[in-house]
Amino acid sequence: HVQLVESGGGSVQAGGSLRLSCTISGFGYSSYCMAWFRQAPGKEREGVAVIDSGGSTTYADSVKGRFTISQGNSKNTLHLQMNSLKPEDTAMYYCAADDLCEVVPDTPYALSFEYNYWGQGTQVTVS
């Protein structure tokens, strides 16, 4: 049984930083993508950042240079370091995982992939 649990959300002033974490259990695949998505009220869910099992990463244009996705040493923890936060970053943030995904360079493939496993989300509010 795969479980993803996010933590680290909160309220921060514009220009500040937050670090989100996602603990993943029951996900024993050697080839995979792990991703962060977000959804603001009244807006569609959007892919924010993805890392695959080879360490390749991809980011939405709106967060490039400000957000960094990474995995913990044990590979069962996913992080999103968010710097220079803006009010438009306010959203519910979700982590997601799938074993049938890979980061394809210079394409939005992994950001728009239909992930099979999802967490419950953590709220980020930037004012």
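Sequential numbering from 1 along the given sequence is applied to the chain's residues. Treat the numbers as computed from the prediction; the structure is a model and nothing was measured.
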Does the pair I69 and W36 meet the rule for a side-chain contact (heavy atoms from CB on, under 4.5 Å), with working shown?
-> CA-CA 8 Å; I69 190 171; W36 288 98; 3.7 Å; yes

Please lay out, stage by stage, how L20 and V124 fare under the test side-chain contact (heavy atoms from CB on, under 4.5 Å).
-> CA-CA 9 Å; L20 304 184; V124 171; 4.0 Å; yes

Walk me through it: do V12 and T125 pass the test side-chain contact (heavy atoms from CB on, under 4.5 Å)?
-> CA-CA 6 Å; V12 65; T125 303; over 6 Å; no

Using the side-chain contact (heavy atoms from CB on, under 4.5 Å) rule, take I24 and Q3 through it: C-alpha gap first, then chi angles, then the decisive distance, then the call.
-> CA-CA 6 Å; I24 304 165; Q3 282 193 308; over 6 Å; no

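Judged by distance alone, with hydrogens and angles left aside, the side-chain atoms of E6 form a donor-acceptor pair with the main-chain N or O of G121 at under 3.5 Å. A donor-acceptor contact shorter than 3.5 Å links the side chain of S53 to the backbone of Y32.
Applying the side-chain hydrogen bond (donor to acceptor under 3.5 Å, both in side chains) criterion to S56, with sequence neighbours excluded, gives no partner residue. K64 is linked by a salt bridge (charged side-chain N to carboxylate O under 4.0 Å, His left out) to D61, counting only residues two or more places apart in sequence or in another chain. Considering only residues two or more places apart in sequence or on other chains, R45 meets the side-chain hydrogen bond (donor to acceptor under 3.5 Å, both in side chains) condition with none of them. Legend: residues meeting salt bridge (charged side-chain N to carboxylate O under 4.0 Å, His left out) with R66, ordered by chain and number and at least two apart, are D89. For S21, the side-chain hydrogen bond (donor to acceptor under 3.5 Å, both in side chains) partners at least two apart in sequence or on another chain are H79. Partners of P87 under the side chain to side chain contact (heavy atoms under 4.5 Å, CB included) rule, at least two apart in sequence or in another chain, are A14, V126. Listed by chain and residue number, F37, F113 satisfy the ring pair (Phe, Tyr, Trp, His ring centres under 6.0 Å) test with Y115 (two or more places apart in sequence, or in another chain). For the side-chain hydrogen bond (donor to acceptor under 3.5 Å, both in side chains) test, no residue two or more places apart in sequence or in another chain qualifies with Q120.
The side-chain heavy atoms of Q39 and E44, taken from C-beta on, include no pair separated by under 4.5 Å. In this structure, D52 and V50 have side chains that are not in contact, with every pair of non-hydrogen atoms separated by 4.5 Å or more. Considering only heavy atoms from C-beta on, F27 stays 4.5 Å or farther from N76 through its side chain.
When hydrophobic clusters are built by joining Ile, Leu, Val, Met, Phe, Trp and Tyr residues whose side-chain heavy atoms come closer than 4.5 Å, directly or via intermediates, Y59 is grouped together with L85.
Interatomic distance, OG of S11 versus CD of Q123, reported as 8.0 Å (0.5 Å rounding). Considering CZ of R19 and OG of S17, their distance stands at 11.0 Å, rounded to 0.5 Å.
Sorted by first and then second residue, the pairs that involve residues 5-52 and meet disulfide bond (SG atoms under 2.5 Å apart), not counting sequence neighbours, are C22-C95, C33-C101. Residues in residues 47-81 take part in no disulfide bond (SG atoms under 2.5 Å apart) pair, two or more places apart or across chains. Within the structure, the side chain to side chain donor-acceptor pair (under 3.5 Å) test picks out the following pairs touching residues 93-111 (sequence neighbours left out): R38-Y93.
Under the side-chain contact (heavy atoms from CB on, under 4.5 Å) rule, V103 has a single partner from L111, T57, I51, T58, which is T58.
For E88, the CD atom is densely surrounded, since the number of other residues' heavy atoms within 6.0 Å is greater than 12.
Think of V5 as one node in a network of Ile, Leu, Val, Met, Phe, Trp and Tyr side chains linked at under 4.5 Å; it has no links at all.
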